Amino acid sequence: MIHSLPDTTSHIAPDVAQCISALQGDLIRLARRLAASEAEAQDLAQETLLRLWRRRAQVEAVDDLRAYARAAMRNLFRQGLRRAPHLPLEDEDGPAIQPELFAMLALTDLRVAITRLPDDQADLITLVMAGETSPAALADQTDCPVNTVMSRLARARAQLRRDMDMAPGAPVASLL
């Protein structure tokens with residue numbers, strides 16, 4: 001099921017939001033090498049993404065966003081080592097991050113991943129996202145045999161799992 005999110009990026013260049021979103025996999029991999037646990041790695045990556053998002057106006061001027069984000073993560077990790085374990089990573093009185101941010105970033109990643117699929121697979125995934133799950137109905141709508149629909153969907157789901165850094169058997173339905 002697709003949830004529509006409010007447009008919180010109307011004042012942001014679309015490529016900045018996509019660039020920040022595209023860093024998620026790389027930052028999680030780096031965080032896993034730095035942190036002692038998976039939970040700490042996820043927190044570190046999310047905090048880094050949040051800081052980039054908060055500073056998105058300055059981020060637009062950065063030439064190598066990947067290097068900038070990785071350096072920011074390392075600095076954030078070092079700061080965390082110096083702090084007491086009960087203190088949060090950041091004490092700011094600034095505006096709270098909108099709860100939809102991570103869903104919006106994931107949705108942006110998904111949209112980009114779908115555009116990289118071959119047209120026939122992207123069309124089928126789009127129909128599935130719209131709520132059509134019956135292979136027979138999909139076959140009727142696309143004028144393809146049911147077996148062709150099933151194999152295209154399987155290939156599309158496998159590619160989306162790879163693009164979204166999901167485990168090979170993870171349900172793609174959680175993304176849609």
Side-chain angles (χ1 to χ4, degrees), residues 1-33 38-39 41-50 52-53 56 59-60 62-70 73 97-176:
M1 180 175 169
I2 298 176
H3 298 282
S4 65
L5 297 174
D7 182 13
T8 58
T9 61
S10 59
H11 61 284
I12 304 162
D15 56 329
V16 172
Q18 287 179 341
C19 289
I20 291 172
S21 175
L23 292 170
Q24 184 175 9
D26 185 52
L27 292 177
I28 287 174
R29 285 187 291 277
L30 175 60
R32 286 178 180 144
R33 288 195 303 258
E38 180 67 20
Q42 292 290 331
D43 288 347
L44 183 60
Q46 287 181 4
E47 183 64 24
T48 303
L49 286 169
L50 285 173
L52 290 173
W53 184 255
R56 58 193 172 269
V59 165
E60 289 183 29
V62 173
D63 290 331
D64 187 354
L65 184 56
R66 181 178 179 268
Y68 179 85
R70 291 170 65 91
M73 177 179 281
I97 295 298
Q98 299 168 349
E100 306 89 23
L101 176 64
F102 289 112
M104 185 187 70
L105 290 173
L107 187 58
T108 301
D109 283 347
L110 179 61
R111 287 181 182 146
V112 169
I114 289 173
T115 62
R116 288 191 297 249
L117 292 173
D119 289 340
D120 55 350
Q121 293 176 19
D123 291 343
L124 284 170
I125 287 293
T126 302
L127 288 171
V128 171
M129 288 173 58
E132 186 56 67
T133 58
S134 164
L138 290 169
D140 287 341
Q141 291 179 19
T142 59
D143 293 326
C144 292
V146 174
N147 291 340
T148 302
V149 167
M150 297 299 289
S151 64
R152 287 179 183 171
L153 281 174
R155 286 192 299 270
R157 288 176 178 136
Q159 186 61 46
L160 288 176
R161 282 185 196 98
R162 286 189 295 273
D163 288 351
M164 300 297 290
D165 291 327
M166 296 175 70
V172 175
S174 64
L175 297 172
L176 309 175

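Keep in mind that this is a model prediction, so the values were computed, not measured. Because only heavy atoms are used, hydrogens play no part in the values below, and waters and symmetry mates are left out as well, while side chains stay in.
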Applied to residues 129-143, the side-chain hydrogen bond (donor to acceptor under 3.5 Å, both in side chains) test, sequence neighbours excluded, yields none
Looking at Asp119, I want to see if its CG is surrounded by more than 12 non-hydrogen atoms of other residues, nucleotides or ligands under 6.0 Å.
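Not more than 12 within 6.0 Å, no.
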Minimum-distance pair of heavy atoms, taken over all atoms of [X] and [Y]:
| X | Y | answer |
| --- | --- | --- |
| Cys144 | Ala139 | O-CB, 3.0 Å |
| Leu44 | Ala31 | CD2-CB, 4.1 Å |
| Val146 | Ala136 | CG2-CA, 4.2 Å |
| Ile20 | Leu49 | O-CD2, 3.4 Å |

Could you pull out all residues at least two apart from Arg155 that satisfy side-chain hydrogen bond (donor to acceptor under 3.5 Å, both in side chains)?
none
From [X] atom [atom1] to [Y] atom [atom2], the distance as rounded to the nearest 0.5 Å:
| X | Y | atom1 | atom2 | value |
| --- | --- | --- | --- | --- |
| Arg29 | Arg70 | CZ | CZ | 8.5 Å |
| Gln46 | Leu50 | CD | CG | 7.0 Å |
| Glu38 | Asp43 | CD | CG | 10.0 Å |
| Leu65 | Glu60 | CG | CD | 10.5 Å |
| Glu47 | Met73 | CD | CE | 10.0 Å |
| Arg66 | Asp26 | CZ | CG | 4.0 Å |

Would you say Leu117 and Leu124 make side-chain contact, with heavy atoms under 4.5 Å?
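The answer is no; the side chains never approach within 4.5 Å.
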Does Arg157 reach the main-chain N or O of Ala154 with its side chain, forming a donor-acceptor pair under 3.5 Å?
no
Take Thr48 and Leu23 through the side chain to side chain contact (heavy atoms under 4.5 Å, CB included) test and state the conclusion after the steps.
CA-CA 10 Å; Thr48 303; Leu23 292 170; over 6 Å; no
Could you name each residue pair satisfying salt bridge (charged side-chain N to carboxylate O under 4.0 Å, His left out) that touches residues 144-153, not counting sequence neighbours?
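Pairs touching residues 144-153 that pass the test: Asp120-Arg152.
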